[in-house]
2 protein chains.
Amino acid sequence: MYQQVDRVRHDGGMSKQPKYQQVADALRRDIDSGTYEPGARLPSESDLMARFDASRNTVRSGLNVLVSQGLISSSQGLGYAVRKHEVFELNASRFENLTFPQNGDAYSTDVTNAGRRPHQTFRVELTTAPEYVAQRLKVDAGSRTVLRFCHRFVDDVPWSTQATHYPEWLIEQAPRLTEPGDIAEGTTRYLTSLGIEQVGYADEIATRMPTPEEARLLDIAPGVPVLLWTRTGYSTEKPIRCTITTLRGDLNRMNYEIGDLSARDENESQ
Amino acid sequence: MYQQVDRVRHDGGMSKQPKYQQVADALRRDIDSGTYEPGARLPSESDLMARFDASRNTVRSGLNVLVSQGLISSSQGLGYAVRKHEVFELNASRFENLTFPQNGDAYSTDVTNAGRRPHQTFRVELTTAPEYVAQRLKVDAGSRTVLRFCHRFVDDVPWSTQATHYPEWLIEQAPRLTEPGDIAEGTTRYLTSLGIEQVGYADEIATRMPTPEEARLLDIAPGVPVLLWTRTGYSTEKPIRCTITTLRGDLNRMNYEIGDLSARDENESQ
DNA sequence: TTGCTCAACTTGTTGGTACAAGCTCAGCTT
DNA sequence: AAGCTGAGCTTGTACCAACAAGTTGAGCAA
């Protein structure tokens, strides 16, 4: 009742790759070679079915490979398009950061300097520390922390989320940490003014595919990973904060500058 | 001839999510809640078809979502299993690194200390600098560089690749750079001994999905991104090297330590 | 001119079938 | 005992059909 039409190779007998892979590879080559430029539309599924003599499902499998690799995106009614990447540089180790580390101000300034429009929403909570945070703050698992959460946008595009946890014992000395709303001068400056100075920090950087929650908050397209940046800040005596920043991988690059870079900076022609 | 059997909601009328998403979400919940532990096998596609009253295509779509997110993996004949993650820590900013930055030695030592068995293949080439590298080395696009390429394994699992480019002008002063085979004392120590000292470096960290080439070299499973680490080293006068390390995102985490961390290190009980 | 409707495109979802190919193990053969 | 073979499980590839839903633009109506 269902004839399995001729599965023999038509291509000279050399290929062992499945057809959907051939579709993906061919399209990838076209994109790499500039046939389809970033932002350009790809042929429709129907066109590709004709070009590759394949069924719609097979063509879609091939396209799906490229979507999962973040090379193209699709939208219903519009078609497939080559993704264009725009990267924002994040300076993670400027000296200023030790004294005034990533106050919301530094973020706004950076973005504005790049000619873009920053925007953020803000929230304060009293929560129990997740295992991951408790370890880094050296407090008991399940103990309470102040969570200051920030959701950041650039030109209304979701860019990153930032969750900073402060240990409970800090609240007595720094009650304004629990105040809802921004602390104008920056929390770290506020802490410094109280004699709690951050003298060092440890950064951890990892990457993975986003959770559905993260994908929702950051409006992350299929095939785009997140960059996870954890900064634990220390006074001379104890850990005083743990900041977890979740960045869209397609939009951000982190920079660290260590040692003497005068050779790089002396003629910034590029 | 083809009756579209009853597309009405059976689920109380509340859901608007497509069925394959429901499958993905349900399985994700099961995994998060520990019903299926890391390494455990998931029910077969047939089982899931029964459980969700869905066609094989639909079930596969749902599973495919989780595969693309790196949460599960599949192998033909064996079934689907929950991925387990094992992370290796990479210290990117230890003070020693400024004087003796990532010689193969540091890598081998780190791995051996972790009780693992390191292994690497090595290659030297004279190539034209890619645009990306040429910019960082401040040489003309298309000019030649020495490429020292390293493919690293831990317990025979592909772990990372490292490509270090040296500008052509360095060869005269440091001819051994073109020697095939490892330079025992480490290239940076070798350069230092010639009076070419690396006094600072700039690191850039980005993430994306691997190219097919990278996926092949590092044996990267679907749904796993790569971590791209570029280190440009400077003497007091010029850039002297540019190292691009490609790391499997599921196996690596990078660490930077800046400032005074005595408070962290004084009781390393955890 | 303005605004609406609808046809004609696009991708998204879901159902089905058939066969290929990898893995395991029981059970037979040697 | 050792080794082979094949049944029966698994996922992988490829095809077909139907309808849902988002987008665009031509063309008609106010």
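Below, read A as the first sequence line, B as the second, and so on, with proteins coming before strands; counting in each chain starts at 1. Being a predicted model, the structure only gives us computed values, none of them experimental.
Side-chain atoms of R41(A) lie closest to dT10(C) of the nucleotides dA14(D), dT10(C), dT11(D). Nearest nucleotide to the side chain of L78(A), out of dT23(D), dT10(C), dT11(D): dT23(D). Listed nucleotides dT11(C), dG12(D), dA17(D) differ in distance to N57(A); the shortest reach to its side chain belongs to dA17(D). Residue Q76(B) places its side chain closer to dG12(D) than to any other of dG12(D), dT11(C), dG16(C). Closest contact between the side chain of K19(B) and the listed nucleotides dT13(D), dG15(C), dC15(D) involves dG15(C). Closest approach to the A54(A) side chain among dT10(D), dT11(C), dC15(D) is made by dC15(D) (side chain taken as heavy atoms from C-beta onward). Minimum atom distance to the side chain of R56(A) is reached by dT13(C), of the listed dG16(C), dT13(D), dT13(C).
If you check the side chains of S55(B) and T58(B), you find a donor sitting under 3.5 Å from an acceptor. Side chain to side chain, S75(A) and Y80(A) fail the donor-acceptor criterion of an N or O pair below 3.5 Å. Under 3.5 Å, the side chains of N91(B) and Y256(B) contain no donor-acceptor pair of N or O atoms. A side-chain N or O of R28(B) and one of Q69(B) form a donor-acceptor pair less than 3.5 Å apart.
Here the P atom of nucleotide dG12(D) and the CD atom of Q21(A) are 13 Å apart, to the nearest Å. dT13(D) atom P lies 14 Å from atom CG of L63(B), rounded to whole Å. We find that CG of L42(B) is positioned 20 Å from P of dC9(D), with the value rounded to whole Å. Rounded to whole Å, atom P of dC9(D) lies 18 Å from atom OH of Y80(B). One interatomic measurement links the two molecules: CG of N64(A) to C1' of dG12(D), which rounds to 15 Å at whole-angstrom precision. Spacing between atom CG of D53(B) and atom P of dG15(C) amounts to 7 Å, rounded to whole angstrom units. In this structure, the CD1 atom of I72(A) is 12 Å from the C1' atom of dT11(C), given to the nearest Å.
In this model, the phosphate group of dG22(D) is not approached by any side-chain N or O of S75(A) to a distance below 4.0 Å at OP1 or OP2. Residue S74(A) places at least one side-chain N or O closer than 4.0 Å to OP1 or OP2 of dG12(C). Dashed line: the shortest gap from a side-chain N or O of Y20(B) to OP1 or OP2 of dG15(C) is not under 4.0 Å. Within the 4.0 Å cut-off from OP1 or OP2 of dT13(C), not a single side-chain nitrogen or oxygen of S61(B) is found. Close to dT10(D), at under 4.0 Å from its OP1 or OP2, lies a side-chain N or O of S44(B).
Each of R60(A) and G77(A) lies near DNA chain C, and the nucleotide nearest G77(A) is the one positioned closer to the 5' end.
Between F153(B) and H151(B), the ring-plane angle classifies as tilted under the 30° and 60° cut-offs.
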